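All heavy atoms count here, side chains included; hydrogens, waters and symmetry mates do not. Values in this document were obtained by computation on a predicted structure and should not be read as measured data. Indexing begins at 1, ligand by ligand and atom by atom, following the structure's order.
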Amino acid sequence: MKRAIIWAGVVAAAVAGGCATMADREAYDAKATATIERDFHARGIATMDRLKQDELQATCTKYRDHPPADVLRRLEAQQMATMKLPADGKLMGDWKSGQKIAESGRGMTWNDKPGVPSGGSCYNCHQLAPQQTSFGSVGPSLRQFGKLRGYTPEMQKYAYQRIYNSKAFAACSTMPRFGASGTLTEAQIKDLVAYLMDPESPVNK
Ligand code: HEC
């Protein structure tokens, strides 16, 4: 019985959501934000500024991740304008180190110590190497990324830029802006590019 009542609630909420006007949505957003602000407590390196959305995030929220094409293009161009490539022109590091970074989910949480390098948690959203026992499917499979796309300098650059700031290619992407946000260093991103692009990497086996 209880279950039936819960489901009725879910269905009612879904129906209400379907008919929501922009004003309703803004009211829901304000309520959700107030709830998060009430229940989220700053601890360690996880401070309250995490709750502030930048212009891109606020715009994606406003349009439920589907902004009109002109807005989408403007957002992507803004992200691309802040893209930084390595000054030494080298885009590939060490794939073995890249594998460790891709498989590490550490970093950015309240019990991570400041100054300790973060992982990329790529496995959370992508299939990468054949020996992975489990992986998320939020993002596309990256199995044989270099082998299928070609081991070209252009593809290395694309991989680097994707990891540095994926939102330059898909503004409302769920993929974090690892370089732009300072989560991963230039050297770590180079290692990840090698993990995706080195013919010897397990990704390409
Ligand atoms: C929270 C989920 C998430 C995480 C974590 C994530 N990605 Fe992604 N990634 C995506 C999604 C979704 C896409 C598909 C395109 C888009 O929406 O940006 C994508 C696309 C990509 C692409 C382009 C694929 C193509 O077909 O052109 C590459 C390369 C990539 N990710 C690499 C990585 C690497 C390396 C990491 C770890 C440092 C990583 N991703 C972490 C979600 C994620």
**Prompt:** Should the proximity of Lys167 to ligand 1, defined as any heavy atom under 4.0 Å, be assigned to the side chain, the backbone, both, or neither?
**Reply:** neither
**Prompt:** Hey, does Gln99 have a side-chain heavy atom less than 4.5 Å from the side chain of Pro202?
**Reply:** yes
**Prompt:** Going by heavy atoms, is Leu192 under 4.0 Å from ligand 1?
**Reply:** yes
**Item:** Numbering as shown, the atoms of ligand 1 that approach Val138 to under 4.0 Å (heavy-atom distance)
**Value:** 12 (C)
**Item:** Minimal non-hydrogen separation, Pro117 against Gln188, with atom names
**Value:** CB-NE2, 3.7 Å
**Request:** Check each atom of ligand 1 against the heavy atoms of Gly139 and keep those under 4.0 Å away; list them by number with element.
**Result:** 10 (C), 11 (C), 12 (C)
**Prompt:** Between Gln53 and Thr61, does any side-chain donor sit less than 3.5 Å from a side-chain acceptor?
**Reply:** yes
**Asked** Got more than 12 heavy atoms from elsewhere within 6.0 Å of NZ, Lys205?
**Response** yes
**Request:** Report the distance from atom NZ of Lys167 to atom OG1 of Thr174, rounding to the nearest 0.5 Å.
**Result:** 7.0 Å
**Request:** Please confirm whether His126 comes within less than 3.5 Å of ligand 1 when only nitrogen or oxygen atoms on both sides are compared.
**Result:** yes
**Prompt:** Looking only at heavy atoms, is any part of Ile101 under 4.0 Å from ligand 1, and if so is it the side chain, the backbone, or both, or is it neither?
**Reply:** neither
**Asked** In the protein, what heavy atom is nearest to atom 26 (O) of ligand 1, and what distance, to one decimal place, separates them?
**Response** Arg149 NH2, 2.4 Å
**Request:** Within a distance under 4.0 Å of any heavy atom of Ile163, pick out the atoms of ligand 1 and give their elements.
**Result:** 35 (C)
**Residue, atom name and distance, where the atom is the protein heavy atom closest to atom 2 (C) of ligand 1** = Cys125 SG, 2.0 Å
**Request:** Could you list which atoms of ligand 1 come closer than 4.0 Å to a heavy atom of Gly120?
**Result:** 37 (C), 38 (C)
**Prompt:** Is the shortest N/O to N/O distance between Arg162 and ligand 1 below 3.5 Å?
**Reply:** yes
**Request:** Could you tell me whether Gln188 approaches ligand 1 through its side chain, its backbone, both or neither, with non-hydrogen atoms closer than 4.0 Å?
**Result:** neither
**4.0 Å heavy-atom contact, Tyr195 with ligand 1** = no
**Request:** May I ask whether Phe169 places a heavy atom under 4.0 Å from ligand 1?
**Result:** no
**Prompt:** Which residue and non-hydrogen atom of the protein lie closest to atom 14 (C) of ligand 1, and at what distance in Å?
**Reply:** Pro140 CD, 3.4 Å
**Message:** Only heavy atoms of Tyr158, strictly under 4.0 Å: list the atoms of ligand 1 that pass.
**Reply:** 23 (C), 25 (C), 27 (O)
**Prompt:** What are the atoms of ligand 1, with element, lying closer than 4.0 Å to any heavy atom of Ser173?
**Reply:** 16 (C), 17 (O), 18 (O)
**Message:** Need the ligand 1 atom indices (1-based, order shown) with element for anything under 4.0 Å from a heavy-atom of Ser121.
**Reply:** 5 (C)
**Asked** Which pair of heavy atoms, one from Leu184 and one from Gly119, lies closest together, and at what distance?
**Response** CD2-O, 3.6 Å
**Asked** Measuring from Ser118:OG to Phe178:CZ, what's the distance to the nearest 0.5 Å?
**Response** 9.5 Å
**Prompt:** In the protein, what heavy atom is nearest to atom 42 (C) of ligand 1, and what distance, to one decimal place, separates them?
**Reply:** Met175 CB, 3.5 Å
**Item:** Any side-chain heavy-atom pair of Arg149 and Tyr158 under 4.5 Å
**Value:** yes
**Prompt:** In the protein, which heavy atom is nearest to atom 24 (C) of ligand 1, and how far is it?
**Reply:** Leu142 CD2, 3.8 Å
**Asked** In this structure, which one of His126, Arg162, Gln127 forms a side-chain contact (heavy atoms from CB on, under 4.5 Å) with Leu142?
**Response** His126
**Prompt:** Relative to the heavy atoms of Ser166, which atoms of ligand 1 are at a distance of less than 4.0 Å?
**Reply:** 18 (O)
**Request:** Say whether Gln144 and Asn204, considering side chains only, have a donor N or O and an acceptor N or O under 3.5 Å apart.
**Result:** no
**Message:** Considering non-hydrogen atoms of the protein only, which is the closest contact for atom 38 (C) of ligand 1, and what is the distance?
**Reply:** Cys122 SG, 2.6 Å
**Request:** Check whether any side-chain heavy atom of Leu72 lies under 4.5 Å from a side-chain heavy atom of Glu76, and answer yes or no.
**Result:** yes
**Prompt:** Without hydrogens or angle criteria, can the side chains of Ser181 and Arg177 be said to hold a donor-acceptor pair below 3.5 Å?
**Reply:** no
**Prompt:** Does a side-chain N-to-carboxylate-O contact under 4.0 Å join Asp88 and Lys190?
**Reply:** yes
**Message:** Check this for me, if you would: do Arg64 and Asp29 make a salt bridge, where the nitrogen-to-carboxylate-oxygen distance has to be below 4.0 angstrom?
**Reply:** yes
**Item:** is_close_aromatic(Phe145, Tyr195), centroid dist under 6.0 Å
**Value:** no
**Prompt:** What's the shortest distance from atom 41 (C) of ligand 1 to any protein heavy atom, and which residue and atom give it?
**Reply:** Phe178 CE1, 3.6 Å
**Asked** Relative to ligand 1, is Ala102 under 4.0 angstrom through side chain, backbone, both or neither, heavy atoms considered?
**Response** neither
**Request:** Could you say whether the N/O atoms of Thr174 and ligand 1 ever approach to under 3.5 Å?
**Result:** no
